[in-house]
Number of protein chains: 2
Amino acid sequence: MTEGRSRRPGPRIEEVARVAGVSKSTVSRVINGEKYVSERSRQAVHRAIALLGYSPNHAARTLAGSKANAIALVISEQGSRVLADPFFAGVLRGVHAELAGRHVQLLLMMNQPLDGEDQIAYLTGGHVDGALVVSLHGEDPLPRTLHETGLPIVVGGRPLAGGSVPFVDADNFNGALGAVRLLISLGREKIATIAGPHDMAVGMDRLSGWRCGLAEHGMPVELVAHSSEFSPECGALAMEELLRRAPDLDAVFVAADIMALGALRVLQERGYRIPDDVAVVGFDDSVLASTAVPPLTTVRQDVERFGRTMTWRLLAELAGEEKLPQSMLLPTSLVRRASA
Amino acid sequence: MTEGRSRRPGPRIEEVARVAGVSKSTVSRVINGEKYVSERSRQAVHRAIALLGYSPNHAARTLAGSKANAIALVISEQGSRVLADPFFAGVLRGVHAELAGRHVQLLLMMNQPLDGEDQIAYLTGGHVDGALVVSLHGEDPLPRTLHETGLPIVVGGRPLAGGSVPFVDADNFNGALGAVRLLISLGREKIATIAGPHDMAVGMDRLSGWRCGLAEHGMPVELVAHSSEFSPECGALAMEELLRRAPDLDAVFVAADIMALGALRVLQERGYRIPDDVAVVGFDDSVLASTAVPPLTTVRQDVERFGRTMTWRLLAELAGEEKLPQSMLLPTSLVRRASA
DNA sequence: GCCCCGTCTGGGAGCGCTCCCAGAACCCGC
DNA sequence: GCGGGTTCTGGGAGCGCTCCCAGACGGGGC
């Protein structure tokens with residue numbers, strides 16, 4: 001055994017070929033799911049792979065082939081915020097679930113203050129076949145920049161500076177619409193909203209849904225307070241503003257559970273009973289919603305599905321599939337709890 | 001889609017060699033920072049690299065070399081929980097920060113119900129040089145299993161089934177000790193604790209700190225309620241149990257902010273004023289702590305540093321550094337807010 | 001019979017590097 | 001002068017795959 005260079009452990013494709021009684025070309029074809037392989041060969045190869053515990057070498061495939069067998073998950077916008085969001089956790093689970101079984105690596109990238117250029121160079125440098133971009137602010141130029149280089153990407157959340165970048169998003173408009181309809185059906189007559197920042201599509205879309213719901217019934221759409229970010233503090237500030245303008249409001253649709261927490265606190269401090277005096281509906285159905293006091297009625301989005309859908313869309317494009325929808329909106333559902 | 005064999009863009013190492021007027025062996029040596037290269041050659045190579053905008057091909061390096069130039073971030077234990085934890089977000093940021101600039105890819109892996117074996121095979125199959133393992137339950141056999149295969153790993157959080165696996169953790173013991181000392185200095189005399197599950201080191205270490213703090217002053221260490229998981233619900237249940245056993249308690253140290261939320265609710269529902277009747281101290285200083293009502297006094301751990309330290313430890317081991325500490329405990333600090 | 005086309009197969013070049021080896025150049029002490 | 005080190009260099013054999021090509025086989029249409 002004169003093995004100077006330490007070879008990686010595990011069998012090679014050649015051994016699989018030998019055991020299966022075919023050539024390595026055929027094994028390669030089976031692995032890559034190509035046609036023009038007889039059923040007999042295919043099964044022999046599968047048996048051999050199982051027998052030997054073979055797993056293809058990623059570096060070799062990438063070097064020899066024309067694709068990188070890897071996709072990047074790009075967390076734009078300082079990372080911190082997005083990551084801390086339970087929303088993101090669910091998305092990540094979905095991404096992973098969709099990737100399972102395929103031989104595609106998931107590379108994690110965050111854009112740090114430093115890189116920027118570097119990151120784009122890396123992404124378009126052939127290290128990855130495509131990218132999932134989770135971006136918080138709609139104005140972020142990264143998705144568009146990447147898309148224009150020709151790198152297949154899917155953005156999570158509708159980008160405002162979008163152009164024609166493929167994206168997946170929850171159906172924020174209809175989710176908000178449903179929330180407002182609920183409030184109206186409960187007999188509420190003075191329905192306010194705490195909307196997100198202007199530069200985020202998610203906030204704008206939910207605001208549009210609220211407007212539309214009120215307009216359906218000819219109700220006024222004046223009571224809007226914009227928050228500068230999705231945080232309990234900003235939710236509290238916005239709630240205070242609303243109460244100043246309309247102390248007699250009887251319902252508020254808050255564009256995110258995390259802001260609703262702040263709103264809830266303010267309302268309670270001022271002696272409003274929830275939902276008796278003021279009904280509150282949130283959005284997201286994050287873990288915060290069920291642990292709030294009182295538990296929050298909210299619009300649920302299936303975050304895991306969100307991740308799965310993004311990944312599916314990207315992989316489909318990479319597989320050369322035609323006629324893919326440019327964007328996809330995922331349904332939301334209303335979760336009734338105690339606050340409305 | 002299939003356009004012959006499309007070579008990746010950009011120059012190869014050969015072109016750099018030609019421009020620099022040396023052989024590709026020498027270029028390779030410069031790139032890898034080996035010695036035995038003359039200063040003249042080194043500078044010529046650097047100039048050529050800059051001129052051509054050369055960046056080495058990751059797959060080729062990995063295939064030819066003996067290392068994978070990648071590390072895995074393994075999220076054990078169903079992913080969901082860990083990910084939703086803001087704690088994890090910070091860790092991830094730290095990992096990324098520490099990795100910046102080095103040519104090391106970060107691969108994300110979660111152990112899904114399915115794989116298990118597969119995952120170990122992949123990790124030990126030479127695809128990565130090492131792994132960062134974030135595991136929630138101390139009993140998780142994965143860290144140990146991986147370590148025993150010889151794969152360099154660093155675990156985040158002290159593993160109970162540890163053996164001699166390198167790990168990084170917050171100094172939970174001293175953090176809890178500090179919290180108890182604070183409560184004692186505030187004149188509290190009946191100090192309870194809501195501890196985490198028995199199978200998590202983080203819970204056990206914080207419990208030990210609490211015990212020790214009380215023992216210092218000869219105070220009884222009876223009032224312990226164990227929760228079955230880190231959630232507001234379990235915190236609430238544990239709080240109810242404590243109040244049943246000692247309605248006159250005047251302080252409670254809760255082993256996690258998220259549980260403290262539930263405890264806070266129960267206390268308030270029963271009419272206890274915080275901190276007047278009962279002082280509450282949490283642990284983590286998660287975002288929940290500052291938004292709680294009242295804002296929670298808590299023990300802070302620097303999660304970003306946590307991630308940086310894990311990564312530093314792993315990279316150091318990969319670089320063949322000697323005399324590395326087997327485990328590292330990071331300091332905590334007390335954050336005073338309104339609840340104690 | 002003929003050719004052509006669709007199915008299946010194996011051989012082998014080469015992806016862009018690293019690392020081993022052989023050897024050149026130079027220094028030292030004797 | 002010689003041998004024996006240490007420093008530096010280039011050549012070239014692979015790493016383990018993919019993908020092109022050439023070819024074998026069979027079933028149509030003429």
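Just so it is clear, the model here is predicted, and its values are computed rather than measured. Convention: sequence-line order gives letters A, B, ...; per-chain numbering from 1.
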From [options], pick the nucleotide closest to the side chain of [X]?
| X | options | answer |
| --- | --- | --- |
| S38(B) | dC8(D), dC15(C), dC8(C) | dC8(D) |
| R29(A) | dG10(C), dC17(C), dG10(D) | dG10(C) |
| V22(A) | dT9(C), dT9(D), dG10(C) | dG10(C) |
| V37(A) | dC17(D), dT9(C), dT9(D) | dT9(C) |
| A64(A) | dT9(C), dC15(D), dC17(D) | dC17(D) |

### Task
Determine, stepwise, if the pair Q326(B) / S164(B) fulfils side-chain contact (heavy atoms from CB on, under 4.5 Å).
CA-CA 8 Å; Q326(B) 197 252 328; S164(B) 57; 4.1 Å; yes
Using whole Å, what does the distance between atom [atom2] of nucleotide [N] and atom [atom1] of [X] come to?
| X | N | atom1 | atom2 | answer |
| --- | --- | --- | --- | --- |
| L63(B) | dT18(C) | CG | C1' | 10 Å |
| E39(B) | dT7(D) | CD | C1' | 14 Å |
| K67(B) | dC15(D) | NZ | C1' | 14 Å |
| E34(B) | dT18(C) | CD | C1' | 9 Å |
| R40(A) | dT9(C) | CZ | C1' | 12 Å |
| R42(A) | dT7(C) | CZ | P | 13 Å |
| E14(B) | dG11(D) | CD | P | 10 Å |
| N57(B) | dC15(C) | CG | P | 12 Å |

### Task
Could you pull out the closest heavy-atom pair between P143(B) and V133(B), with the gap in Å?
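What the structure gives for the nearest pair is CG-CG1, 4.2 Å.
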### Minimal non-hydrogen separation, P152(B) against L318(B), with atom names
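Heavy atoms only, the tightest pair is CG-CD2, 3.7 Å.
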#### Entry: Closest-nucleotide 5' rank along DNA chain D - winner of K24(B) and G21(B)
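That would be G21(B).
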### Task
Would you kindly compare T26(B) and A60(B) by the position of their nearest DNA chain D nucleotide and give the one closer to the 5′ end?
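Per heavy-atom nearest nucleotide, the more 5' residue is T26(B).
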Does a nitrogen or oxygen in the side chain of [X] sit under 4.0 Å from OP1 or OP2 of [N]?
| X | N | result |
| --- | --- | --- |
| S41(B) | dT9(D) | yes |
| S28(A) | dT18(D) | yes |
| Y36(B) | dC20(C) | no |
| N32(A) | dT18(D) | yes |

### Message
Could you walk me through whether E14(B) and R18(B) satisfy the salt bridge (charged side-chain N to carboxylate O under 4.0 Å, His left out) test, starting with their C-alpha distance in whole Å, then the side-chain angles of each, then the deciding distance to 0.1 Å, before giving a yes or no?
### Response
CA-CA 6 Å; E14(B) 302 243 47; R18(B) 220 193 47 241; over 6 Å; no
### Task
Please tell me if the side chains of H127(B) and S55(A) come closer than 4.5 Å, counting only heavy atoms from C-beta onward.
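In contact.
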### Query
Does the base of dG11(D) carry an N or O that pairs as donor and acceptor with the side chain of S25(B) under 3.5 Å?
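For S25(B), whose side chain was compared with the base of dG11(D), there is a donor-acceptor pair (under 3.5 Å).
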### Task
Spell out yes or no: do the side chain of K35(A) and the base of dT7(C) have one donor N/O and one acceptor N/O closer than 3.5 Å?
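No such pair is found, so the answer is no.
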### Message
If we check side chain to side chain donor-acceptor pair (under 3.5 Å) with Q43(A), which of these qualifies: R40(A), E39(A), H46(A)?
### Response
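So, applying the side chain to side chain donor-acceptor pair (under 3.5 Å) to Q43(A) and each of R40(A), E39(A), H46(A), only E39(A) qualifies.
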